[in-house]
Trainee: 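The structure under discussion is supplied below as structure tokens; questions concerning it will follow.
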Amino acid sequence: MTSPHLLARRDANRGFSLVMVLVLLSALALGSAASMRGSANSLRVARATLMQTYANEQAQWALSYCQSQLLLPSAARDPKLSTPALTPADRPAWTSAALWRSEASVLTVLAAQMEGASRAPVCFVEQQALPNQPDGLPLHVLTARGFSPDHRADPLSGLTVSGASVWLQRVVLIDGDQVRARTDKRILNPPLR
């Protein structure tokens, strides 16, 4: 026969074991929740990076399209990129937010729109005349804006509400139907964000 003292001790051990199991289960649940939260944050960062890359690709396509248009004879180009439309400016026009909001002079590059895109990329081309340019050739400043599939803009201000937009710029010196010099850069402080 078991003594009452041993029974009481066995019941106390069972109670302690139950408390330890509950504490371990709680710790596992908290660790799992923290891990899931970290995974969700990593997923958000990866998605933002993917959307930024997508918008960058769209802007690259717009630059390439506009440059290829400039290599064509003026009559064969899109009317917004014909020689009469590209008059030299004293100040850079691409810095005007109103230009990008109205899109009157901006070329929408439908050929570069990827499947699932919220809107097609756009580009704007202007000439700049600088002193001492080789053979008096004008510089063409191409400014492009690409958008992510989830891009949404405020209809009044044109500012980005969600998604990503990337601004790229290319300066080219064209002689006949060849590019003699080219410089690319990313615009970090665009007229519209």
Side-chain angles (χ1 to χ4, degrees), residues 50-153 155 157-160 163-193:
L50 178 65
M51 292 299 109
Q52 194 74 17
T53 303
Y54 185 98
N56 185 59
E57 190 69 29
Q58 290 279 292
Q60 287 285 350
W61 277 357
L63 283 179
S64 295
Y65 178 79
C66 287
Q67 179 178 315
S68 69
Q69 285 285 302
L70 291 175
L71 295 175
L72 296 173
S74 180
R77 296 181 198 160
D78 184 285
K80 290 183 180 180
L81 299 179
S82 66
T83 302
L86 300 176
T87 56
D90 296 334
R91 323 182 347 214
W94 72 267
T95 60
S96 167
L99 171 94
W100 294 97
R101 276 193 298 268
S102 74
E103 293 191 4
S105 300
V106 176
L107 177 65
T108 301
V109 185
L110 295 173
Q113 187 171 1
M114 291 178 165
E115 186 177 324
S118 61
R119 64 186 279 199
V122 294
C123 73
F124 175 72
V125 178
E126 59 188 316
Q127 281 186 2
Q128 288 185 354
L130 299 175
N132 303 325
Q133 282 178 256
D135 302 326
L137 298 171
L139 286 175
H140 291 87
V141 179
L142 293 70
T143 307
R145 188 178 183 200
F147 306 97
S148 66
D150 60 346
H151 180 269
R152 284 185 310 126
S157 67
L159 298 174
T160 299
S165 75
V166 171
W167 293 73
L168 300 177
Q169 196 168 64
R170 178 176 291 165
V171 179
V172 291
L173 180 64
I174 297 176
D175 186 5
D177 61 351
Q178 291 186 336
V179 175
R180 288 188 49 191
R182 175 180 126 178
T183 305
D184 290 357
K185 69 177 181 177
R186 181 163 181 181
I187 300 172
L188 299 177
N189 194 13
L192 294 175
R193 295 183 189 264

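If you read the sequence from its start, that first residue is 1, and numbering goes on from there.
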Trainee: Can you find a heavy atom in the side chain of Leu71 that is under 4.5 Å from one in the side chain of Ile174?
Mentor: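 The answer is yes; the side chains approach within 4.5 Å.
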Trainee: Return the CD to CG distance between Glu126 and Leu99, rounded to the nearest 0.5 Å.
Mentor: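 If I round to the nearest 0.5 Å, the distance is 8.0 Å.
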Trainee: Between atom CG of Leu107 and atom CD of Gln69, what is the distance when rounded to the nearest 0.5 Å?
Mentor: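 Answer rounded to 0.5 Å: 7.0 Å.
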Trainee: Does Arg186, at its CZ atom, have more than 12 non-hydrogen atoms belonging to other residues, nucleotides or ligands within less than 6.0 Å?
Mentor: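 Yes, CZ of Arg186 has more than 12 neighbouring heavy atoms, counting only those of other groups under 6.0 Å.
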Trainee: Taking side chain as C-beta onward, heavy atoms only, is Arg77 less than 4.5 Å from Leu70?
Mentor: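 A side-chain contact under 4.5 Å exists here.
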Trainee: Are the side chains of Leu142 and Cys66 in contact, using a 4.5 Å heavy-atom criterion?
Mentor: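 Yes. Closest side-chain heavy atoms under 4.5 Å.
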Trainee: Where do Gly158 and Leu192 come nearest, in terms of heavy atoms and distance?
Mentor: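 The answer is O-CD1, 3.9 Å.
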Trainee: Please check: side-chain N/O of Ser157 versus main-chain N/O of Leu159, any donor-acceptor pairing under 3.5 Å?
Mentor: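 A pair under 3.5 Å: yes.
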Trainee: Does a side-chain heavy-atom distance below 4.5 Å link Leu168 with Ile187?
Mentor: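 No, side chains not in contact.
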Trainee: Could you tell me the separation between the CD atom of Gln127 and the CG atom of Leu86, rounded to the nearest 0.5 Å?
Mentor: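 The CG atom of Leu86 is 5.5 Å from CD of Gln127, to the nearest 0.5 Å.
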Trainee: Once you round to the nearest 0.5 Å, how far does OG1 of Thr143 lie from CG of Leu63?
Mentor: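 So the gap between those two atoms works out to 8.0 Å.
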Trainee: What heavy-atom pair brings Ala144 and Ala59 nearest, and what distance separates the two atoms?
Mentor: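 Minimum heavy-atom separation between Ala144 and Ala59: CB-O, 3.5 Å.
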Trainee: Would you say the side chain of Ser148 lies within less than 4.5 Å of the side chain of Gln52, judging by non-hydrogen atoms?
Mentor: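 Side chain of Gln52 against side chain of Ser148, heavy atoms only: no contact under 4.5 Å found.
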Trainee: For Arg182, give me all partners under salt bridge (charged side-chain N to carboxylate O under 4.0 Å, His left out), at least two apart in sequence or on another chain.
Mentor: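 In terms of salt bridge (charged side-chain N to carboxylate O under 4.0 Å, His left out), with neighbours along the sequence ignored, Arg182 is linked to Asp184.
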Trainee: Check whether any side-chain heavy atom of Gln67 lies under 4.5 Å from a side-chain heavy atom of Tyr65, and answer yes or no.
Mentor: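 When only atoms from C-beta onward are counted, Tyr65 and Gln67 do not touch, as no gap falls below 4.5 Å.
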Trainee: Look up atom CZ in Arg145 and atom CH2 in Trp94, then write down how far apart they are to the nearest 0.5 Å.
Mentor: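 Arg145 CZ to Trp94 CH2: 12.5 Å, rounded to 0.5 Å.
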Trainee: Are Val106 and Cys123 close enough that some pair of their side-chain heavy atoms sits under 4.5 Å apart?
Mentor: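 Not touching, per the 4.5 Å side-chain cut-off.
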Trainee: Ignoring hydrogens, what is the shortest heavy-atom contact between Phe147 and Gln58? Give both atom names and the distance.
Mentor: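 Closest heavy-atom pair between Phe147 and Gln58: O-CG, 3.6 Å.
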Trainee: Mind checking whether Val141 and Pro92 have side chains closer than 4.5 Å, heavy atoms only?
Mentor: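 Side-chain contact under 4.5 Å: no.
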Trainee: Where do Ser96 and Pro191 come nearest, in terms of heavy atoms and distance?
Mentor: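 Residues Ser96 and Pro191, closest heavy atoms: C-CB, 4.1 Å.
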Trainee: Measure centre to centre between the rings of Trp167 and Trp100, then say whether the value is under 6.0 Å.
Mentor: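 When the ring centroids of Trp167 and Trp100 are compared, they turn out to be within the sub-6.0 Å range.
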Trainee: To the nearest 0.5 Å, what is the distance between OG1 on Thr160 and NE2 on His151?
Mentor: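 Reported to 0.5 Å precision, the distance equals 3.0 Å.
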Trainee: With sequence neighbours excluded, tell me which residues meet side chain to side chain donor-acceptor pair (under 3.5 Å) with Ser165.
Mentor: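 In terms of side chain to side chain donor-acceptor pair (under 3.5 Å), with neighbours along the sequence ignored, Ser165 is linked to no residue.
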Trainee: Show the nearest heavy-atom pair for residues Ala164 and Ala55, with the distance to one decimal.
Mentor: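 For Ala164 versus Ala55, the nearest heavy atoms are O-CB, 3.9 Å.
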